[in-house]
Amino acid sequence: MEKEVGFHILDIPIHILSEIMFNLSAISIVRCSSVCTKFRTILSDSSFQQSYFSRAPISFVLLSDHHRLTCIDSSSNQIQSFPNSNHGSSCIAMQLQPSSSTKRRTRTIHTSKQQSVINNRKRKRNINMSRFVTFHIHRRMNLINSSNGLLCLRASNYHSHSLYYISNPLLGEVLTIPPAPSPADHNLRFSAFGFDPKKKIFKILQLVSKSNRMVAELYQSDSHDNTWTLIPNAPSATAKFNSSSFDPCLNGALHWITDHDQISELICSFDLNTNNFKSLPPPPHFNAEYLSKISGVSIGVLKGCLCLCYVVDGAQFETWVMDKYGVKESWRKAFSIDINSYCGLCPQDKHRPIGFNSFGDMWLRADSDSHSYSQCLVSFSPETGVFRHIDIGGISSRNIQATPQVLSYVSMKEMINLANNTHLQFQTIRPDKNNDLGFNLLTMGHFR
Amino acid sequence: MAAEKSSIKIITLIAADGSVFEVEPNIVKEMKTVQSYIDELDQNTVSIPLPNVFGNDLAMIIEYCKKHASEEETKEAKEEFDFEFVKRMKSDDKLRLLQAASYLNMESFLQFMAKAIAAEIENQSVEFVRDYFQIESDFTPEEEAELRKENEWAFK
C-alpha cells in the first residue's frame, strides 16, 4: 500500500539527499559512497565535502598500547539521544549552575544507578563506532594533534631523529615524513601540525631548546627538496615542557604556552600562512601575582575559540575562552570545577584536558576503576556539571593518548596536493583478518 | 491587504485521497508551498488541494506542526514528542514524509525527517542501505568487485 505514492529515493532532489547524508558519521559516509553512482557523485562533490566538514562533529582519536589507533565517533543524533534533558552518570556526578550565573555553584553529588537505562543510550551517543589502525613500528609513538581531518603522530627513540606521520585514521592511510633535524628528547619543547584544506598543504613545526635559545624547525608539504627548514626569529621565550597545548591548531595558526616572565609573551602562535611568530594577549586578569598562583596552564580550542585551562591555588580548575580571536577584552570564563569533585574518577591530568567536543564537553584521561593499571576516558559537561565515563569499546590500555579530531571520509590523496612531492611514502593499512596488525572495524554490537 | 489576510481563520487542506483537514493559519506557516498559495488569495476561508500528499501523512505532518507551533509546550516536551513521533513510524513512512516535506517546502520538518532517516542507515552495511532505499547497484561488476575489495568492512 505504501508503494502507491510511487516514488523512489533517487527521484528525490539531490539537495534533500544531501540533507540526509549531512547527518551521517564519516564512517557511514564511506559506506554510502559504495551504494550507487548517484550517492558516490553527491559525496565526492567538493561543495558537499566542504559543508559536511564544516558541520561535522568533533570526534576523538585514541592511541592505546601496541600502537593501536582508534577513532571514537562522538557524533550525536538528537533523535536517538533522547532524552537530552536527563544526563546520567554511573559514577559520581556533580552539578553546578551555568557559568553565566554569578553565584557559581550549588553542588549535589549523587550516584545514579537507577539511571542505567539512560546511560546505555548516552553511551550509544558517545560512541557510534570505532576502528583500529595498528602501526607496524617498533618505536615510541606520540599523538601530536589533528587539523582539518588529518592526524599527526610522531615516532621516536630517545636521541634518534623524530619521525612524523600524517594519517587519515578512518581510512587507514599513512604518510611518512622525512626525519626531523632534532631528536625527540627533553629539548624538544613543542611540536604541532596544521593543514590548510584550501591550499591542500600541511606544515609541521617543532620547537627545540638549544643553548637557551628556541630553534624552530619546519616541514611543509609543498617544499621542493622535501626537507625540513629552520625558521628564523623564533620567540626567545621557552615553550613550556610537557605539552601545554592539547589542541593547538586554530585560525590557521598553532598555539602554545611559554614559561616566559613577560605575561604578554605567555601565549605564542605560529601563523601557518606567513610562517611568522606572534604572541596573543592573555586574559586581562593575568598579572605577575596571579600567574604565581596558577599552575598547569594549557591551551586548546573550545567551540571554535581559543581557550586556556589552568588550576588556581591548587583547588579550582578554570577554563577561559577568547570569544574574538586576538582580542584581549573578549576573554571570558567558560566554567570552573572544584578539583575535589574529581575524586573517585582520578583523572590523570586534572588540568590538562584531552579536548572539547562539539557540545563543549571536556574530555579527560582517568584511571580505570575496573581494571587496575589501565586508563579510561571521562567527559565533563559544563552545562550540567556531570562527569561521565566514556565507553571506549573495551580497550584496555596502560597508557592512553587521545586528541580531538573531525573525522574525514576523503582520501588523503585527494586532500593533500602531493604533486611537487613524490618522495613521501604513502601507504594504506588495509584490513587483514588473518593478521592482528591491520585494522579492525568494531561496531557497537561487538562492544556489548 | 494585511488586515484581510489576518482575517483568514481556517484553512482547508485536501489530501490526495480526498480527506479534508481544517487547520489554523499558524499551522501552515511552516508549509511554504501552502503559505505562498494563501498569500495570493484574499478569501476568508481557503481550500487548498495537495495532490501529492496522502491523508495519513498529512495528518502526521499537521500533528507535528501543531506541537511545534504551540508556545505552551516546553522544549523537553517537544523533544519527547519528536522521539515518540519517529518511534511509531515505519521506514516507508519516513521516506514518504520526507518526500511530502520536500513537496510542501517545510524546512525544519525536512531536516527532522532527514535526521530520522540518517539514524536508520547510520552504522549499517552497504547492502542494508541498498535494501532500505531499494537501490540497485549501478556500478559495473568490475567496479563493484573493486569496491568490495577496497572497503571490505563497509559491506559487513
Side-chain angles (χ1 to χ4, degrees), chain A residues 1-13 15-25 27-40 73 75 77-86 124 127-129 131 171-172 411 428 430-433 439-445, chain B residues 16-17 52-54 56-57 74-76 79-80 82-87 90-93 95-96 98-102 110-130 132-139 143-144 147-156:
Chain A
M1 183 194 158
E2 269 82 1
K3 304 292 179 293
E4 275 175 27
V5 181
F7 79 92
H8 192 259
I9 185 79
L10 297 181
D11 298 332
I12 289 181
H15 74 273
I16 293 173
L17 284 179
S18 305
E19 199 59 54
I20 298 176
M21 293 177 192
F22 280 136
N23 289 292
L24 294 172
S25 68
I27 202 155
S28 288
I29 295 273
V30 176
R31 288 184 157 116
C32 274
S33 64
S34 292
V35 166
C36 64
T37 51
K38 185 162 185 179
F39 276 27
R40 168 148 293 205
D73 192 330
S75 65
N77 191 312
Q78 290 294 318
I79 295 161
Q80 278 184 326
S81 68
F82 174 83
N84 283 329
S85 45
N86 207 345
K124 184 162 189 171
I127 303 192
N128 263 336
M129 64 213 26
R131 68 186 305 183
L171 302 178
S411 167
T428 307
R430 291 218 177 282
D432 183 358
K433 265 180 283 173
F439 70 73
N440 286 304
L441 183 78
L442 292 187
T443 59
M444 275 305 290
Chain B
D17 50 11
N52 292 338
V53 187
F54 276 87
N56 289 348
D57 299 337
T74 60
K75 193 170 166 270
E76 285 74 26
E79 280 171 5
E80 186 165 349
D82 287 357
F83 181 73
E84 297 298 332
F85 187 75
V86 169
K87 220 167 87 176
K90 290 200 292 277
S91 302
D92 283 351
D93 299 336
L95 291 174
R96 260 193 354 268
L98 180 81
Q99 179 80 340
S102 160
L110 186 80
Q111 281 175 6
F112 175 66
M113 288 319 301
K115 222 174 210 179
I117 292 167
E120 296 235 12
I121 57 172
E122 176 67 50
N123 209 358
Q124 300 288 357
S125 72
V126 174
E127 293 296 354
F128 179 97
V129 178
R130 283 177 183 164
Y132 182 82
F133 290 130
Q134 298 174 16
I135 293 173
E136 303 244 336
S137 166
D138 56 352
F139 293 111
E143 282 170 339
E144 178 83 15
L147 285 172
R148 281 176 187 271
K149 201 179 128 212
E150 269 200 22
N151 292 330
E152 197 190 348
W153 55 269
F155 286 82
K156 283 179 187 148

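Residue numbers begin at 1 in each chain, while the letters A, B, ... track the order of the sequences. What you see is a predicted model, and the numbers here were worked out from it, not measured in a lab.
Only the side chain of B:Leu98 comes within less than 4.5 Å of a heavy atom of chain A; its backbone N, CA, C and O stay farther away. Residue B:Leu147 touches chain A through its side chain alone, counting heavy-atom pairs closer than 4.5 Å. Neither the backbone nor the side chain of B:Glu127 has a heavy atom closer than 4.5 Å to any heavy atom of chain A. For A:Phe39, the part lying under 4.5 angstrom from a heavy atom of chain B is the side chain only.
What you find for B:Ala118 and A:Leu24 is that their closest heavy atoms are O-CD2, 3.5 Å.
The side-chain hydrogen bond (donor to acceptor under 3.5 Å, both in side chains) test applied to B:Lys87 returns no partner, not counting sequence neighbours. A search for side-chain hydrogen bond (donor to acceptor under 3.5 Å, both in side chains) contacts involving A:Ser411 returns A:Glu173, not counting sequence neighbours.
Annotation: maximal heavy-atom pairing with chain B below 4.5 Å, among A:His15, A:Lys38, A:Glu19, occurs at A:Glu19.
Judged by distance alone, with hydrogens and angles left aside, the side-chain atoms of B:Arg130 form no donor-acceptor pair with the main-chain N or O of B:Glu136 at under 3.5 Å.
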Original post:
Where do B:Lys149 and B:Glu143 land on the salt bridge (Lys or Arg N to Asp or Glu O under 4.0 Å) test, with the steps shown first?
Top reply: CA-CA 10 Å; B:Lys149 201 179 128 212; B:Glu143 282 170 339; over 6 Å; no
